[in-house]
Amino acid sequence: MKKLVVVGNGMAGVACVEHILKHKPDFDITIFGDETHVNYNRIMLSLVLAGEKSADEIVLNDIDWYRSHSIRARLGVKVARIDRAARLVIDEEGEAAPYDRLILATGSSAFIPPIPGVDKKNVHVFRTLDDTRHLTAKARKGLKVAVIGGGLLGLEAARGLQVRGCDVTVVHLGSSLMDKQLDATGGEYLKRRLEDLGIRVMLPKQTAALTGNGKVEGLRFASGDQIDAELVVIATGIRPNAELARDAGLHVNRGIVVNDFLETSDPAIFAVGECTEHRGQTFGLVAPLFDQARVLAAKITEQPGPAFAAPAPAAKLKIMGVDIYSAGVIDESEPETEVVRYEDPGLGAYKKLLLRNNRLIGMILVGDIEDEHIYMDWMRSAADLSGMRRQLLFPPRGVDTGLSIAEMPDSETICGCNGVRKGDIIQAIHRHGVTTLHQLKERTRASTSCGTCAGTCEKLLRAVAPDFQEETATTLCSCVPFSYERLREIVRGQKLKSVEEVLAVYGNRKGCEVCKPALSYMLDMLWCGEHDEDRSARFINDRVHANIQKDGTFSVVPRMRGGVTTPDELRRIADVAEKYNVPMVKVTGSQRLDLLGVKKSDLPAVWRDLGMASGQAYTKGVRMVKTCVGSEFCRFGTQDSTSAGIELERRLENLFTPHKFKMGVVGCPRNCAEATVKDLGLIGQDGSWQVVVGGAAGKSVRKADLLITVETTEQALEAGELFFQYYRENGNYLERSYDFVERLGIEKIRKETVYAPDEVKRGLLERLARSKALSHDAWLEGAQPFTPTQFVQIQPMQTIEEPQLV
Amino acid sequence: MKGRWIKITEAENIPLREGRPVKLGEVEIAIFNLNGRFLTIENACPHKGGPLCDGIVTGSAVVCPLHGRHFDLETGMPVRASEPACLTVFPTRVENGIVMVNIEAGHRAMDSAAA
Ligand code: SRM
Ligand SMILES: Cc1cc2nc3c(=O)[nH]c(=O)nc-3n(C[C@H](O)[C@H](O)[C@H](O)COP(=O)(O)OP(=O)(O)OC[C@H]3O[C@@H](n4cnc5c(N)ncnc54)[C@H](O)[C@@H]3O)c2cc1C
Ligand code: SF4
Ligand code: FES
């Protein structure tokens, strides 16, 4: 067996070994890596820094993979030199390993510019998992961080640290950010967006020295000014790790020089990855390196294979809420280049397309990258766009011009990061019944690295999978541009406990009438009272526990459980109506009474005199349970719907929900209290209850879906509670149950509630019980206001008769 | 500045990022607390008279609770150009913990722009 030695246990080297294994080679393989970790997804370090992924989640090949392929992994071992004559690599301990074929996959290192003071304590680079761990260990709230370098890596480091609460400044030498991928306008849009998120940007700024005594304390600039910094991250570029090859006498320029088949100047030695230089070019992104890995795997196993040609560069910034995509040629000064541009400062969107001979050769997309895959299709296929000129900036979605997904060859790479080809995806769909993007990610790793190809993957799924299911992720709003699910993860993971905090780190620091109440609900639901309540984030109804009306007065709807009242209650309502000159008393559509036109300052007294609890008619929460008379009085009644309804209302009242939540309980299928068009309904039958969910008879009409049929009233109530809590945890703010049930599908909801394993059910019920225990009747605030002026009208300390208005 | 400064109330009576209405003679104003900076506008929304004091604050703007128009609290200008009406703003300051408003020096951006 021939001995194959690989130096470098990184993304390119191991990808190459994976391809070699596919060719069933006759090799005895050893991989040296000076990091102590198994091969991991370096790209994802940005997400580890931001706390979105853990170190375990970014492992690409675990130790079992090495074992099962009989690969000797020498981790934490650095190769010190190569003895080409004896065909040996020698590690730092002096131990030698023989090779027949040697692959150098040493990657690159962070370039540290020769600035005085870079050797001080707390000055870091961002390249490896260990670097990332050092940074996360030091990051804390309020820590002053300076990131030197405003390229992809620097910005991802900056955001990651900022999300951990640090006070971050990016210092960039060039006159605009990401100047390798963007033009000046694009850079300006990016800068504004980052500043909105709370990252300070200083440019053009040349750092002259890092100051401080032993530990870094600040940066001094060539312009004379300075800033404080307790932690500095240097992200000013990378240098190929080529010393090993240079010392061994191989042909090396900036990188290890390779030909189209990744051969070096020694026929027994090959190189792959960021350590290489191919036709004068070095590399900094994985897509071309995975191409190299495939070419080299064929070469070294003596299979027929393609030659390597570097693809057009394409880069995406992986910062949540900052959408940047750049690909191909971006320099418009090249001859015969036409430029098509669009910008909207209000939306923060900028698009620039570069064309030559009616063919797309490059693009810059900022703020709106939704059409990126359409553009990439055009660019890859060199489609003739003469007929599309009017629609270039807003291409029709879903229409493929040029090469359609069907015509794409199976060998074409869809996911550059993970080297997944069209054929692999089709196989996954057919063999493993993949129907969602999520499943495809789990199966093939496609679109799990930078996510750029998600659009193409989705198109393929739509074209090939018989029952493709789209994943709809709507963002909350432009102030905090993340999906609800993502936000729930963030809030939970980062332990954010106030609306202000979420807006400061993940939003534009302002918030609006859309996102503030939504975040307020989310925090309340996730932390069950352990959060910092921000009343100002609530709509007025939820600050004074009544519904605002057209003239600024409020309506008061007391709770009347199950629509059942007493003569005494009715008397009190009548008295209150007279005492406070309530303009109208009305029977509502929800089986209770409404006092309309009450002044804000009268609310506490009205509540006190009523002596009833809030009916929550003003909020996104539990409204009421409508009931019918049921078996106690009705000749058709099969169940005691009135008692069951009152009990249901007692169990859930005072709780908040993504949108209002209305219920109905009826004694038989005649359905007199309209349970089949309520968010939750119980329908009595002889000897059983049907529990139905997601009904509507408001803006839209929808018959509720059957969740389950059970025997006892207690089982029916419990099924209702399970659905209720599940909706509370997974519903998007302002999503009524009828949309929620449609979005998730009743089968999924059944599986995750009534048919879920016992411990899951117990979890839901326990969390519901915890929230319930902390909940209280909002009208108690009448006696103990949240702020001294919650209800009172402020009287000026000084009065004037007739102000002279100018 | 001409006009009288009127003592209104202790600063702590206006909670963070909320507004409170105050009636001064015939005029009703709404005073907002933006992290310790106090700003005052007329309380009635030019659309249909909505009580702006009850609106949600976003940055330095307020959203009318009735139909959601946005107004900048510093200038009284509408945030969206498609809703041209604007509000009177009143000079406001805090002295010894007391919020003071100069009710007679109120001014309306668009009128002065038109003038
Ligand atoms: C008072 C009442 C009308 C009445 O006089 O009967 C009423 C009044 C209002 N409804 Fe209603 N709804 C009332 C029963 C209903 C019902 C009937 C029911 O509950 O069985 C429905 C249809 C069922 C449903 O909820 O879907 C109903 C569907 C709506 C909708 C449409 C919801 C939907 O998604 O389809 C809205 C608008 C919204 O919520 O976005 C709405 C919104 C409103 C608001 C809160 C509008 C607003 O934001 O100011 C009204 C407040 C008026 C006020 O000044 O207080 N109201 N509303 C009823 C109070 C019930 C209670 O005791 O709590
Ligand atoms: C934070 C971060 C984010 C990134 N984001 C993206 C992105 O979004 N998209 C993208 O395309 N690219 C991204 N990259 C770049 C991408 O990670 C690299 O292009 C890729 O990892 C290069 O693979 P490689 O195998 O050539 O080098 P590496 O992955 O660096 O692997 C080389 C390995 O060899 C080891 N080694 C070196 N010398 C020796 C020796 N003498 N003995 C033993 N071992 C040695 C090194 O320690 C290293 O473990 C990112 C990089 C970082 C750091
Ligand atoms: S239907 Fe409801 S929202 Fe419409 S006017 Fe009547 S009470 Fe108001
Ligand atoms: S009254 Fe203010 S927006 Fe209509």
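In what follows, chains carry the letters A, B, and so on, assigned in the order in which the sequence lines appear, proteins first and then strands, with residues in each chain numbered from 1.
- The minimum heavy-atom distance linking A:Asn547 with A:Ala617 is given by the pair OD1-O, 4.5 Å.
- For the salt bridge (charged side-chain N to carboxylate O under 4.0 Å, His left out) criterion with A:Glu195, the lone passing option out of A:Arg193, A:Arg192, A:Lys191 is A:Lys191.
- Heavy atoms of B:Leu16 lying under 4.5 Å from chain A belong exclusively to its backbone.
- Of the listed residues A:Gln790, A:Lys600, A:Arg535, A:Arg509, the one with more heavy-atom pairs under 4.5 angstrom with chain B than any other is A:Lys600.
- Looking at A:Arg538, the atoms closer than 4.5 Å to chain B (heavy atoms on both sides) all sit in the backbone: N, CA, C or O.
- Using a 4.5 Å cut-off between heavy atoms, A:Ile794 touches chain B through backbone and side chain atoms alike.
- In this structure, A:Asp196 does not pair ionically with A:Lys510, as no charged nitrogen and carboxylate oxygen lie closer than 4.0 Å.
- Most heavy-atom pairs under 4.5 Å with chain A: of the set B:Cys53, B:Gly55, B:Gly19, B:Gly49, this distinction falls to B:Gly55.
- Comparing A:Asn541, A:Asp551, A:Asp534 by heavy-atom pairs within less than 4.5 Å of chain B, the highest count is held by A:Asp534.
- Heavy atoms of other residues, nucleotides or ligands lying less than 6.0 angstrom from NZ of A:Lys497 number more than 12.
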Quick one, A:Tyr189 with A:Glu343, criterion side-chain hydrogen bond (donor to acceptor under 3.5 Å, both in side chains). Give me CA distance, side-chain angles, the key distance, then yes/no. CA-CA 10 Å; A:Tyr189 271 82; A:Glu343 60 182 299; 2.7 Å; yes

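- Using a 30° and 60° split on the angle between ring planes, B:His47 and B:His67 fall in the perpendicular class, above 60°.
- Contacts of B:Pro21 with chain A are made by both backbone and side-chain atoms, with heavy-atom separations under 4.5 Å.
- Judged by distance alone, with hydrogens and angles left aside, the side-chain atoms of B:Thr92 form a donor-acceptor pair with the main-chain N or O of B:Phe90 at under 3.5 Å.
- Scanning both residues, A:Tyr580 and A:Ala605, for their nearest heavy atoms gives OH-CB, 3.2 Å.
- Heavy-atom pairs under 4.5 Å with chain A were tallied for B:Glu18, B:Glu10, B:Lys23, B:Arg17; the largest tally goes to B:Arg17.
- Between chain B and the options A:Cys512, A:Cys479, A:Pro517, A:Pro788, heavy-atom pairs under 4.5 Å are most frequent for A:Cys512.
- A cation-pi arrangement is present between A:Arg159 and A:Tyr506, with the terminal nitrogen or guanidinium carbon under 6.0 Å from the aromatic centre and inside a 45° cone about the axis.
- With a 4.5 angstrom heavy-atom cutoff, B:Val63 touches chain A only via side-chain atoms.
- For B:Ile98, the part sitting under 4.5 Å from any heavy atom of chain A is the side chain, from C-beta outward, and nothing else.
- Residue contact with chain A, scored on non-hydrogen atoms closer than 4.5 Å, is absent for B:Glu42.
- Ranked by heavy-atom pairs shorter than 4.5 Å toward chain A, the options B:Thr58, B:Ile8, B:Asp54, B:Thr88 are led by B:Asp54.
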